[in-house]
**Q** 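So that we are looking at the same thing, I have put the structure below in structure tokens.
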There are 4 protein chains.
Amino acid sequence: MSDLGEAADIEDGKRPEGCGGRPAAGEDPVKREQILDGAHRVFMRMGFDASSMNDITREAGVSKGTLYVYFRNKEDLFAAIIQRQKSKIFEKLREILEEDRPLAEVLHDFGTAFTTHLLSETAIRGQRIVIGVIDRMPELASTFFQTGTNTGPVMLCNFLEKQVARGRLKPIEDPMMISRQFGDLCMAGLYRPRLFGEMREPPSAERIEKNVASAVRLFLGGYGAGGA
Amino acid sequence: MSDLGEAADIEDGKRPEGCGGRPAAGEDPVKREQILDGAHRVFMRMGFDASSMNDITREAGVSKGTLYVYFRNKEDLFAAIIQRQKSKIFEKLREILEEDRPLAEVLHDFGTAFTTHLLSETAIRGQRIVIGVIDRMPELASTFFQTGTNTGPVMLCNFLEKQVARGRLKPIEDPMMISRQFGDLCMAGLYRPRLFGEMREPPSAERIEKNVASAVRLFLGGYGAGGA
Amino acid sequence: MSDLGEAADIEDGKRPEGCGGRPAAGEDPVKREQILDGAHRVFMRMGFDASSMNDITREAGVSKGTLYVYFRNKEDLFAAIIQRQKSKIFEKLREILEEDRPLAEVLHDFGTAFTTHLLSETAIRGQRIVIGVIDRMPELASTFFQTGTNTGPVMLCNFLEKQVARGRLKPIEDPMMISRQFGDLCMAGLYRPRLFGEMREPPSAERIEKNVASAVRLFLGGYGAGGA
Amino acid sequence: MSDLGEAADIEDGKRPEGCGGRPAAGEDPVKREQILDGAHRVFMRMGFDASSMNDITREAGVSKGTLYVYFRNKEDLFAAIIQRQKSKIFEKLREILEEDRPLAEVLHDFGTAFTTHLLSETAIRGQRIVIGVIDRMPELASTFFQTGTNTGPVMLCNFLEKQVARGRLKPIEDPMMISRQFGDLCMAGLYRPRLFGEMREPPSAERIEKNVASAVRLFLGGYGAGGA
DNA sequence: CATGAATGAGGGTTCATTCAT
DNA sequence: CATGAATGAACCCTCATTCAT
């Protein structure tokens with residue numbers, strides 16, 4: 001889901017085996033990860049503007065010069081952090097959608113996983129920071145949204161179309177819109193309080209379950225085949 | 001709705017009458033408004049960090065010294081801007097809710113007004129800026145949310161309870177949650193693309209109407225008295 | 001002659017009289033002079049690149065911020081130093097040319113004053129620095145040459161034309177070229193050793209006199225009306 | 001003439017023969033030349049300060065470490081470049097002076113070759129760069145002048161003395177001074193406009209010829225045996 | 001012995017804040 | 001009391017030089 005929520009599961013920063021030599025400048029994946037990890041922590045803690053490159057070098061344990069060999073400038077570094085995010089959540093969501101269980105259950109599990117992730121502390125912080133730099137890095141924010149947040153609904157969309165084909169859902173005019181509707185409905189009343197910091201902690205699992213249950217009920221009430 | 005979208009209609013900054021003399025330092029409401037207006041424009045245009053106090057003095061037509069008499073620092077000034085927001089949208093929403101029309105129509109108009117406002121360019125910019133400074137000013141963001149964004153749902157909540165009492169809606173366990181659900185459902189699929197800049201312009205009136213219509217249908221399908 | 005050789009005889013940095021107030025930002029001529037004087041010393045001592053803005057603030061006794069109020073950047077500051085040069089040498093040269101004395105004497109005095117100035121330590125240092133930054137500030141170097149070094153020959157050119165009219169010189173095809181020829185001839189064998197630092201001190205007055213005398217002899221031998 | 005105008009025709013960098021092994025550290029003349037060639041190109045293109053050691057390693061195709069084995073630092077490297085200059089112009093000038101032709105013709109050809117070389121783009125660039133670093137490397141600039149620019153006049157000086165002996169010139173008090181006078185007279189009105197960038201391109205051959213012709217006329221008028 | 005990744009002091013510049021006027 | 005010139009710490013970034021590989 002790539003909402004800056006989880007560290008990348010990049011190939012784990014192992015140095016290219018076999019060749020005894022030192023890696024090329026700016027090409028040592030271990031060091032690169034080291035920098036990204038440090039920068040990730042700093043950016044998360046302070047936000048983009050308040051994070052200084054000095055802070056980052058300190059946290060990452062590299063020198064300024066090295067930093068600038070690996071990343072041209074602060075924006076590039078930040079963008080790299082955003083882009084390396086390939087959250088494990090996607091895999092989980094896919095698994096849920098592929099299980100052959102009652103529609104209501106699948107939707108419930110999907111919505112729960114989706115909501116839990118997007119409202120987690122790290123995901124929320126990531127979203128906030130990206131929103132904060134949107135004036136300077138609009139492309140980045142857009143990409144972040146498309147490859148992150150929006151991926152869940154895309155997956156769900158395919159699933160819903162299959163459900164329609166199987167007759168479990170009424171025919172849908174605009175499945176992508178419906179799909180997003182479901183996602184937002186699961187987070188309804190929770191997303192923005194979290195984003196604006198009114199809700200300091202992620203909601204409890206019970207709270208999320210309840211919200212999602214309500215969403216599923218509403219959703220199936222509206223679009224379910226046998227419903228209403 | 002106070003999403004930084006509209007200038008305050010504060011009591012118009014009239015100087016305290018009677019005393020012929022000059023107002024005490026930092027107490028002239030006219031000057032205060034003048035500063036807030038200028039700062040508001042600058043912050044909206046550039047965001048928090050990119051706005052310099054120099055820009056603000058220029059736009060407001062006051063000197064640095066004066067600025068610092070009225071506001072201790074940049075954060076205080078920003079906070080004052082956020083807090084004076086009392087958008088006219090609230091009045092409009094109240095009017096809609098007080099009209100004695102079919103429930104579906106009222107919900108439709110309410111949702112349309114609510115959504116249109118929250119997705120407008122100025123409101124979106126305001127929300128982004130507040131989110132961007134949340135690490136430095138967490139209280140402010142929280143306040144911003146409570147006195148802004150969340151006011152619509154609070155109003156709707158009261159309305160819904162009356163509708164339950166009048167038998168137009170099924171009994172509701174948690175009306176505030178339902179109310180927020182409705183608000184977020186109206187913006188479902190639109191809010192976050194706007195916030196993250198993927199959707200560059202506010203959605204068209206038609207697009208919003210369609211979204212809201214779908215939301216109302218779903219909502220009444222789930223909670224309407226007669227079932228839809 | 002403006003070869004960075006002498007401090008400007010600007011209106012001596014007196015503050016605008018009458019108005020008791022403080023001068024506008026970046027407009028106090030006293031402070032401006034103070035900065036220019038300090039920067040002048042530093043640039044002269046270290047050259048352009050080796051002079052840091054920190055050095056200059058220290059020498060000028062102003063803060064970084066102030067420096068940047070008066071001058072947008074390092075290049076602008078340097079350009080201002082170059083451009084304020086309005087050497088007193090021009091006046092002296094003009095006086096010499098206006099005296100009604102034998103041509104040989106006038107040329108001798110003119111050549112001596114011209115050469116003495118252009119080979120002085122400060123003028124030489126100024127020329128070197130300008131040459132050193134020519135890649136980054138080509139316009140400046142060109143201007144420096146035209147309004148400085150080249151002014152002497154321009155004045156002489158007019159003088160020579162009058163002498164032709166008065167029959168003291170043979171008719172001249174290209175008086176500007178001849179004029180420059182005379183100037184360079186006066187410095188012949190001295191200019192480049194000075195510029196390249198082979199000659200550490202300015203030549204003695206006797207050395208210059210001798211050089212100029214030789215130049216005048218050659219010049220009048222070639223262009224003088226009566227021969228010899 | 002060694003005005004940085006041409007690459008040296010050094011003894012061609014052949015490796016010391018006989019020893020089959022690898023040359024001692026910093027002693028392989030081939031590698032040394034390779035470095036000097038690359039550095040020469042870079043310095044000429046960018047000037048001293050703007051040239052980075054990285055640029056030089058890239059252009060020369062050697063590593064940083066190697067560079068620093070052969071040259072202690074940037075200044076040393078630059079000095080080495082200056083000092084290896086042994087321009088082919090000297091040979092040409094010598095040939096001209098050895099031809100047994102009328103004095104006027106010899107002087108004309110000599111002056112033309114001398115002037116053309118010293119005003120060429122590469123020679124001018126070289127002179128500028130040396131002048132720009134004179135504060136940091138005063139000895140270097142002095143050497144540059146003595147072994148470069150000044151060699152022409154030295155050669156001419158010998159020639160003139162012979163001409164005096166042969167009765168083609170009047171007896172001369174200070175032949176070196178006269179010799180320099182002639183050189184500078186040939187470039188009169190051209191050298192400094194070129195150096196300061198006011199004249200963007202080298203003067204045309206016609207322009208130079210004209211200038212030199214005028215110089216020769218003046219010179220022979222003053223010092224020629226039959227003259228005046 | 002060659003390599004080039006790493007270093008970190010120092011560069012120019014900005015701007016929130018202060019305080020003499 | 002208003003003013004805005006002055007401050008100086010902190011910003012991002014470069015690059016000559018070093019030293020582990």
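Chain A is the first sequence line, chain B the second, and so forth, proteins listed ahead of strands; every chain is numbered from 1.
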**Q** Under the salt bridge (Lys or Arg N to Asp or Glu O under 4.0 Å) definition, can you give me all pairs with a residue in residues 63-75 of chain C, not counting sequence neighbours?
**A**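 The answer is Arg72(C)-Asp76(C).
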
**Q** Take the protein atom CD of Glu75(C) and the nucleotide atom P of dG11(E), then report the distance between them rounded to whole Å.
**A**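 The distance from CD of Glu75(C) to P of dG11(E) comes to 17 Å, rounded to the nearest Å.
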
**Q** Under 4.0 Å between any heavy atoms, over every strand shown, what does Val62(B) touch: base, sugar-phosphate, or nothing? Just pick one.
**A** nothing

**Q** Using atom CZ of Phe71(A) as one end and atom C1' of dT14(F) as the other, report the distance to the nearest whole Å.
**A**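 So the two atoms are 18 Å apart, to the nearest Å.
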
**Q** Go through dA2(F), dT7(E), dG12(E) for me and flag the one nearest to the Ser63(A) side chain.
**A** dT7(E)

**Q** Rounded off to whole Å, could you give me the NZ-to-P distance for the Lys74(C) and dG11(E) pair?
**A**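 About 8 Å, once rounded to whole Å.
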
**Q** For Gln34(B), enumerate each residue passing the side chain to side chain donor-acceptor pair (under 3.5 Å) test, keeping only those at least two apart in sequence or located in another chain.
**A**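 Gln34(B) satisfies side chain to side chain donor-acceptor pair (under 3.5 Å) with no residue once adjacent residues are dropped.
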
**Q** Partners of Phe71(C) by side-chain contact (heavy atoms from CB on, under 4.5 Å), sequence neighbours excluded?
**A**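 In terms of side-chain contact (heavy atoms from CB on, under 4.5 Å), with neighbours along the sequence ignored, Phe71(C) is linked to Arg32(C), Ile35(C), Leu36(C), Leu77(C), Ala80(C).
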
**Q** Mind checking what makes side chain to side chain donor-acceptor pair (under 3.5 Å) contact with Thr66(A), not counting sequence neighbours?
**A** Ser63(A)

**Q** Please state whether the phosphate of dA6(F), meaning OP1 or OP2, lies under 4.0 angstrom from any side-chain nitrogen or oxygen of Tyr70(C).
**A**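 Answer yes for this pair, as a side-chain N or O of Tyr70(C) is under 4.0 Å from OP1 or OP2.
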
**Q** Of all the heavy-atom pairs spanning Ser51(B) and Met46(B), show the shortest one and how long it is.
**A** OG-CB, 3.4 Å

**Q** Name every donor-acceptor pair, under 3.5 Å, that has one atom in a side chain of residues 129-141 of chain D and the other anywhere in the protein, sequence neighbours excluded.
**A**
from	atom 1	to	atom 2	distance (Å)
Asp135(D)	OD1	Arg125(C)	NH2	3.4
Arg136(D)	NH1	Asp49(D)	OD1	3.0
Arg136(D)	NH2	Asp49(D)	OD2	2.8

**Q** Could you give the CG-to-P distance, from Leu67(C) to dC15(E), as a whole number of Å?
**A**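 Rounded to the whole Å, the gap is 16 Å.
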
**Q** Taking the minimum atom-to-atom distance to the side chain of Lys64(B), which one of dA2(E), dT17(E), dA6(E) wins?
**A** dT17(E)

**Q** I want to check one thing: is the phosphate of dA6(E), taken as OP1 and OP2, less than 4.0 Å away from some side-chain N or O of Lys31(A)?
**A** yes

**Q** Residues in side-chain contact (heavy atoms from CB on, under 4.5 Å) with Ser52(D), at least two apart?
**A**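 Ser52(D) satisfies side-chain contact (heavy atoms from CB on, under 4.5 Å) with Asn54(D), Asp55(D) only.
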
**Q** Taking a pair as Watson-Crick (N1 to N3 plus N6-O4 or O6-N4) or G-U wobble (N1-O2 and O6-N3), both under 3.5 Å, which stems of 3 or more consecutive pairs involve DNA chain E?
**A** E:2-21 with F:2-21

**Q** Evaluate the side-chain proximity of Gln83(A) to Phe144(A): yes if any heavy-atom separation is below 4.5 Å, no if none is.
**A**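 No, every pair of side-chain atoms sits at 4.5 Å or beyond.
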
**Q** Going by the rule ring pair (Phe, Tyr, Trp, His ring centres under 6.0 Å), which residues pair with Phe48(C) if we only count those two or more places apart in sequence or in a different chain?
**A** Phe43(C), Phe78(C)

**Q** Looking at DNA chain F, which of residues 52-61 of chain D put a heavy atom within less than 4.0 Å of it?
**A** Ser52(D), Met53(D)

